[in-house]
Asker: 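Here's a structure for you.
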Amino acid sequence: MQRVLKVLFTTAVTLVFGFSAWCQYPGWQQKADYTMDINVDVEKHQYTGSMSIMYTNNSPDDLDKIFMHTFFNAFQPGSMMDVRSRNIEDPDRRVGSRIVELPADEWGWIKPGAMSMNGMPCQIEEDGTILIATLPAPLRSGVTCKLSLNWTAQVPRQIRRSGWMNKEGVEFSMTQWFPKICEYDHHGWHSNPYIGREFHGVWGDFDVTINLPVGYEVGGTGMLKSSRQEAKKTGKWHFIAENVIDFAWAADQDFKVHTEMVDGIEMNFIYQPNKEYNKSWKELPRFASSAMRFFNEFVGQYPYPQYTVIQGGDGGMEYPMITLVTANRKLPSLVGVTVHEMAHSWFQALVATNESLYEWMDEGFTSWIESECMEILPSFSTEGENVEPMQGGKHSWAYKSYLGQAKSGNEEPLITHADHYTTNRAYGVAAYSKGEVLMNQLGAILGDSLRNEGMRKYFSDWSFKHPGPNDFKRSMERTSDLELDWYFQYFMNTTHTIDYAVKEVKSEVMTTTITLERIGAMPMPQDLLVEFEDGDYIQYHIPLVIMRGNRPLEGNEKLAEDWPWTNPTYDITVPSMGKKIAKVVLDPDLKQADINLENNIYTR
Ligand SMILES: [Zn+2]
């Protein structure tokens, strides 16, 4: 989703789910193939649904219950999402107290009818946004069953992501809209009550038929079985999507559709006519196709046959093969949100980490490739412009945001469960900004080129597998042949910060001894630039002992002795050969999120 950060600060009390933070992919995962038939009453904003799910239990455990998400139930006064939104000190302005103020005919709800497993009735219990089905007999390990369920639903007035009539007048934004099986993985069940934040889901094939009155235009996850014209004429919208973790759609009678092929992928742009903003939408495909090509090369090939950017929702939100974005924006904002949501395809949709546990592996990595991509887009690049070097370079916004939060004392560690950060701001900074910094800062340890290669390896090794942080760490270690456990332990599990300083410069006749100091608790390898008065310079790379190696050296860079993390200071002797030193700079490329840059420089 798009970043929404508010400038509010609080004392942080952290709820940490550290026990699961390092778990890695065990080699199995569940599968759920859905066939759904949906009939929409557009006047009442209600629909009926019937579905069968072929659910395969690939886990080593026998299951006696199935948990399902019924997200729409969050849009009722007194729901956990409503109460949370009214009690958090920096509420999301899109939600605030809007749920408690909804009249009953604008609530959202999902009412299950009969549910069965292989024709035998299940016992159903409703618990807010979770439906618990007790199975008539345990579903054994390795066995596939057929779950059948009918339900009726009321679509809420659009508040967060989903609903009818968003603020731009889109009739239906249909996301998190059907009863969806919770993921069961090596951590166990993930029956998180929906409070409006992150997701986790089961891979599967979707066969979805949506019956609407004639005249609607629809965009959705997957490929249409018929032509768009025929679907519009009959009101029967039949989508097929293979190997996805979710299914979303949006519908409106005024939508216009523009389609183009990019690298063999059908890209659809669907939006309402609007005099003021349609010119942004006419320009958008050019930028979106450049972004698609960039991500295919930078991270790995997008494997699905189509991608849709559709007007809807309340900002920008990613789903497999589709994003819903608000449309009434000037071009830079429309391009920015589209590039961000598209970038999610490589993480939210394809690698699909558990976003509730590892929100930074989705939002952070997405923000990182988004910033990389924006630099290559015509009229967005700052390359060649005469701008002051900024900490974090292309990612300076993320560094600034993370460092501001770290200095405020209200930072909460990255391993905090996404739903449980004490403020929206602490969540936003951790997930988006610190996640982006974590990724970019690997360039200071591995070098940028091996970091980028490591990202490609991670994507190719872990697509369609729900990896965890340890799997990501191993991809980076295998690519670089360096040990990186310390980096993740510090940056993910703690709020320790980086602060290195040039402490002292002592010149003898032929040599100069430079004393460096680690002030912050977090160790990092260091790059050191020594400039002489005659313009000559020497560059050193100083690895940490615990890396068991060093990144490839660049140019004339010299490899210095390893720095043991236990040692607060480090001396390096430079052959100055009688020349005077003009300047000594730590981390001259500004890759590290060092909280105090002033002490990184010594000038004579
Ligand atoms: Zn996002």
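Just so you know, residue 1 is the first one in the sequence shown, and it goes up from there. Whatever order the structure lists them in is the order used to number ligands and atoms, beginning at 1.
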Asker: Would you call the rings of Phe71 and Phe199 parallel, tilted or perpendicular if under 30° counts as parallel and over 60° as perpendicular?
Answerer: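 The rings of Phe71 and Phe199 stand perpendicular, inter-plane angle above 60°.
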Asker: How are the rings of Tyr402 and Phe491 set to each other: parallel, tilted or perpendicular (split at 30° and 60°)?
Answerer: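 Correct class here is perpendicular.
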Asker: Ring centroid separation for Tyr490 and Phe488, is it under 6.0 angstrom?
Answerer: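 No, too far apart.
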Asker: Tell me which N, O or S atom from Glu363 is the closest to the Zn ion (ligand 1).
Answerer: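 Of all N, O or S atoms in Glu363, the Zn ion (ligand 1) lies closest to OE1.
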Asker: Has Glu318 got an N, O or S atom lying less than 2.8 Å from the Zn ion (ligand 1)?
Answerer: no
Asker: Under 30°, 30 to 60°, or over 60°: which ring-plane class applies to Phe472 and Phe365, parallel, tilted or perpendicular?
Answerer: tilted
Asker: Considering only N, O or S atoms, which atom of His340 is nearest to the Zn ion (ligand 1)?
Answerer: NE2
